[in-house]
Amino acid sequence: MKTAQGLKMMAAKLLIPPATGARAVAGTMPALHGLTDHVVAEPRVSRTRIREHTVPERHAGNSANAPSGRVLLGGAVVDLLGFPEAIGLISARATSRELPPLAIASANLDHINHFGVGSRWASVLGNGRSWVDGSPVVDWLTLLDGAPLVSEAQRLTGRSWPRLAGSDLIGPLLDAATDLQLRVGFLGGAESAHESLKSRFSRERPGLVVAGFWSPGRDELTDPAASTCLAAAIAAAKVDILVVGLGKPRQELWIAEYGALTEARVLLAFGAVVDFLAGRIQRAPEWVSSHGLEWAWRLALEPRRLARRYLLDGPAAYASLRSKSSGLEEVPGDASSGPGDGPAPATPAPPPAGNRTFAIAGQAADVAVLVVTYNNADDVGPLIESLRSEAAEQWLRVIVADNGSSDGTLDALSRYDDVISFATGGNLGYSGGINAAQQFCGDVQYLLVANPDLVIERGSVAAMIRRQRLSGAGIVVPALLDEDGSTYPSLRREPTLPRAWADAALGCRLPGRPAWLSEIDYDQVSYEHAHPVEWATGAALLIDAGLATELGPWDERFFLYLEETDFFRRAREAGTDAWFEPAAKMRHRRGGSGSSAALTALMAVNRTRYAEKHHPPATAAAFRGAAVLSEALRAYQRDHRPALRALLNKRSWEQLPHAVPAPQANHDDGGRLRDFPAGSIIIPAHNEAAVIARTLTSLKPLAATGAVEIFVVCNGCTDNTAEIAGRFSGVQVVEVDEPSKTIAMDTGDALATAWPRLYLDADVEINPVAIEQLFRRLGQGDLLAARPASQYDTGGATGLVQAFYRARGRMASTRSGLWGAGAFALTREARARFGKFPPVQADDVFVDRHFGANEKEVITCRPIKVHTPKDARALVTVLRRNYRSNVHLLNFQPAEGGGGTSQSLRELLGSVRGPLTAFDAAVYAGFAVAARLRKGPATATTWERDESSRR
């Protein structure tokens, strides 16, 4: 017989080995943070006893030793404990009211299949803890189970560890519950099993206090409202230990979401333990378990239910165990910190009760809702009304960018005084519309990108915000429902070659095929629980505002389709996750974009564009081949024939739907664009015959109407650059003999009459809408210099080049300086700060150094394309030119203050958030070092340029 104080001391001894002390244990077992300070609350009874438990032979191992930390097995975090330590720890937590609930999971191959690296639920258990608003909700303790995992843990630690199967732990834990007078509840299992268990307990455990049995159906477990009611019923029964036998992964997923609501102190995710206790499933003999063959025993007993687990999923999980396991000293997201550490961003006061108004420009808001419309007059009303219900829980700012609707969409929106709506000046596409709407966001915490044909169910925005705070994700997506209320399969996987070819051959047939053979996730279970996703259809996305700023504009080359795929990929490369939140539900008519043969062709082509942007040429060609196969197999359908022709003829891509900046209706009687701000564009060009037409084509709406002055200054050209430029109406072509860019810019200045002036490289494509926004911003009088937002076009580049520009894009200076985009604009006052351009190649750096941070700005607008080198040799050539140019610039303009290499290094290190970003940073550093190994003077007439992007 032991007293309560004796129990407390015993638990403390089990948790804190004398040789290491409390500090060491807290460091090695972050999921159990706090146990060393509050091991166990005083028991409810004054005198308790702990039975002398016999440790089964299979657990002999090093059960006398204290906990030794954690390991990663197949990417899943597993805690290492002996048998007595596990019993003592769980019993102690069951009596504690000062710590979060403790959830126990068993790690076997099936656990790795569901929660290991690369699995659907990999991050659901939070690497040891679940969080809400920065506060812990559930602690997770994952114990070794399964012979292969035990062997791997022994290999990693050099020590033997026992198997801690739930079926072995449950008996001693029920004994402890009896001794401590704890209330035990059972969730899961058939009602008939519960009846058997009641009878057996009455005979064999008369002192056990059973608080209740619950046998919910699958529909109840997957319905948030029903599960919340179920958790409330368990809480009302005052359960201390809840045995959850729902099977993997449903039991862990349910605990992660609703476990805290049950108010149980310990939740045991023990699978079929109810059936074991009721005697409905026979335990494997000792010799079977000791030889690691318990799986074969269970398979023989239940072949239909367990065949997939052991014969199909098991080998893949074992391969992951052998290849993706390691020791673990520190677990990301441990109990010492959580998402959102540090000062919380300022938030406006909550809306008054029953609020149905939106925050207008200048007012504080939590969420900026960005909507892009195109002939959606009938859709915007239901969307806005559903958003008004959401405004009762958080301040929303609703911004609608209209892409040239002709059905009265803007008139329909004009009825709402608190909705910011405006015309974009043409049909800019989905990405272009989002980029235009972002200019009106203001200071918010989140951006909600929403299709106009959505109806948002009550509480969905709040549910997405909660999920973001719980997971720390950069993007959260809701469940999309069709008009009949059925769930639309909106979750997607990253395009890979096996998926592309399988989808091309099978389409929607065989939806149950393995995940590596399907881009669409058809599995209904995926839509029942929150979990990380690679990407999802872009009908509704909640985006962290900081991430949106970091990623910059959406890529407008896609116009429609695949733009969200690209955005999600860039978010992953930035080191953040995207999560699916099933409690957020939105009805989607899925008709907002319409359907036509041209759009079918655009979707097929954009798949190729996406592959060309993110993969080497050979891989991109294989993706294009899959797209050709897909359209060829469906060529019997009329709408697919144009898609096949487009894929086979790349020159026809320009005829597909694309951004239309300004319709003819915006022209006055003289053909000039109405209200377009005055200004001049100066384009220095030296032997740019390969690219000048591309640049001038993007300026055609301005050149043909004379909205601005456009000068192409051909300097020292020996090709037909001037002849090509002269074919464009409204473009003034000037030729000078000396091949100097800066002389060309000075020549253009001498000819131009209007301000501000945009100095544009001859290989840069810029949209007239971006020029209008740039000139209007400079016309406000508070800035002297600016450049448009830009994005790197790495299509066709090698993987190393893409990695370099991913790293460069994450560095803050690339998003704040006038340099690096091939375009900058100056006001008359700004140009007066220096005389002629000096004979340097780094003209943009020279100009940038003349203005303070409050005098210059990167304008949020439709981004210009910066064509990058395609291979490593070309990239080193460009970097060497830049380096030598900056050295040469010091002869004319010494650098002030710090910065330079040290600043770049700090920014580069600050951009590292995970393995991928670290790889990118290492590639960036490698290229930078390679470029600096070649030194020498450079003059303005030495043209070391990249030819690979001009082909």
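The residues of the chain are indexed from 1 along the displayed sequence. As a basis for the values below, the full set of heavy atoms in this structure was taken, side chains included, without hydrogen atoms, waters or symmetry mates.
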Between [X] and [Y], is there a donor-acceptor pair closer than 3.5 Å when you use the side chain of the first and the backbone of the second?
X: Ser91; Y: Gly88; answer: no
X: Arg163; Y: Leu144; answer: no
X: Ser227; Y: Pro224; answer: no
X: Thr95; Y: Ala92; answer: yes
X: Glu581; Y: Met464; answer: no
X: Arg183; Y: Val210; answer: no
X: Ser202; Y: Ser199; answer: yes
X: Glu263; Y: Ala260; answer: no

Does a salt bridge link [X] with [Y], judged by any charged N lying under 4.0 Å from a carboxylate O?
X: Arg265; Y: Asp240; result: no
X: Glu494; Y: Arg572; result: yes
X: Arg467; Y: Glu257; result: yes

Q. Should the pair His194 and Phe213 be assigned to parallel (<30°), tilted (30 to 60°) or perpendicular (>60°) ring geometry?
A.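 Plane angle between 30° and 60°, so tilted.
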
Q: Would you please classify the geometry between the His529 ring and the Trp121 ring as parallel, tilted or perpendicular, with 30° and 60° separating the classes?
A: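 Correct class here is perpendicular.
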
Q: Please list all pairs passing the ring-ring contact (aromatic ring centres under 6.0 Å, His included) test where one or both residues lie in residues 221-260, with sequence neighbours left out.
A: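 Non-adjacent pairs meeting ring-ring contact (aromatic ring centres under 6.0 Å, His included): Trp254-Tyr258.
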
If every non-hydrogen atom of [X] is compared with every non-hydrogen atom of [Y], which pair is closest and at what distance?
X: Val184; Y: Val239; value: C-CG1, 4.4 Å
X: Leu246; Y: Gly188; value: CD2-CA, 3.7 Å
X: Ala105; Y: His111; value: CB-CE1, 4.1 Å
X: Val124; Y: Pro532; value: CG2-CD, 4.3 Å
X: Pro162; Y: Gly82; value: CG-CA, 4.0 Å
X: Ser323; Y: Ala319; value: OG-O, 2.9 Å

Contact check, side chains of [X] and [Y], non-hydrogen atoms, under 4.5 Å:
X: Arg250; Y: Leu221; answer: yes
X: Glu252; Y: Phe115; answer: yes
X: Pro148; Y: Leu109; answer: yes
X: Leu156; Y: Leu72; answer: no
X: Phe83; Y: Pro172; answer: yes
X: Ile112; Y: Val117; answer: no

Q | Leu173, Ile255, Leu169, Leu242 screened by side chain to side chain contact (heavy atoms under 4.5 Å, CB included) with Leu268, the one that passes | A |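 Result: among Leu173, Ile255, Leu169, Leu242, Leu173 is the only option passing the side chain to side chain contact (heavy atoms under 4.5 Å, CB included) with Leu268.
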
Taking only residues two or more places apart in sequence, or in another chain, which ones meet [X] in a side-chain contact (heavy atoms from CB on, under 4.5 Å)?
X: Ala578; value: Ile475, Val533, Phe568
X: Ser526; value: Arg120, Leu491, Asp521, Asp523, His531
X: Thr576; value: Leu547, Ala571
X: Ser106; value: Asp145, Phe270

Q) So, Phe201 versus Phe186, ring centres under 6.0 angstrom or not? A)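 Close enough - the centres of the two rings lie under 6.0 Å apart.
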
How long is the span from the [atom1] atom in [X] to the [atom2] atom in [Y], to the nearest 0.5 Å?
X: Ile241; Y: Arg93; atom1: CD1; atom2: CZ; result: 12.5 Å
X: Lys248; Y: His114; atom1: NZ; atom2: NE2; result: 8.0 Å
X: Leu182; Y: Leu174; atom1: CG; atom2: CG; result: 10.5 Å
X: Glu191; Y: Leu197; atom1: CD; atom2: CG; result: 13.5 Å
X: Trp161; Y: Asp79; atom1: CH2; atom2: CG; result: 10.5 Å
X: Leu102; Y: Leu141; atom1: CG; atom2: CG; result: 5.5 Å

Q: Just grab all the side chain to side chain donor-acceptor pair (under 3.5 Å) pairs involving residues 208-220, residues at least two apart or on different chains.
A: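 Sorted result for residues 208-220: Arg218-Glu528.
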
Q | Any side-chain donor near an acceptor of the partner, Ser151 and Arg155, under 3.5 Å | A |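 The criterion, which ignores hydrogens and geometry beyond distance, is not satisfied for Arg155 and Ser151.
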
Q) Passes side chain to side chain contact (heavy atoms under 4.5 Å, CB included), Leu143 versus Ile104? Steps please. A) CA-CA 7 Å; Leu143 301 178; Ile104 315 298; 3.7 Å; yes

**Q.** Leu149 vs Glu152, side chain to side chain contact (heavy atoms under 4.5 Å, CB included): CA-CA, chis, key distance, verdict
**A.** CA-CA 5 Å; Leu149 278 75; Glu152 187 67 16; 5.6 Å; no

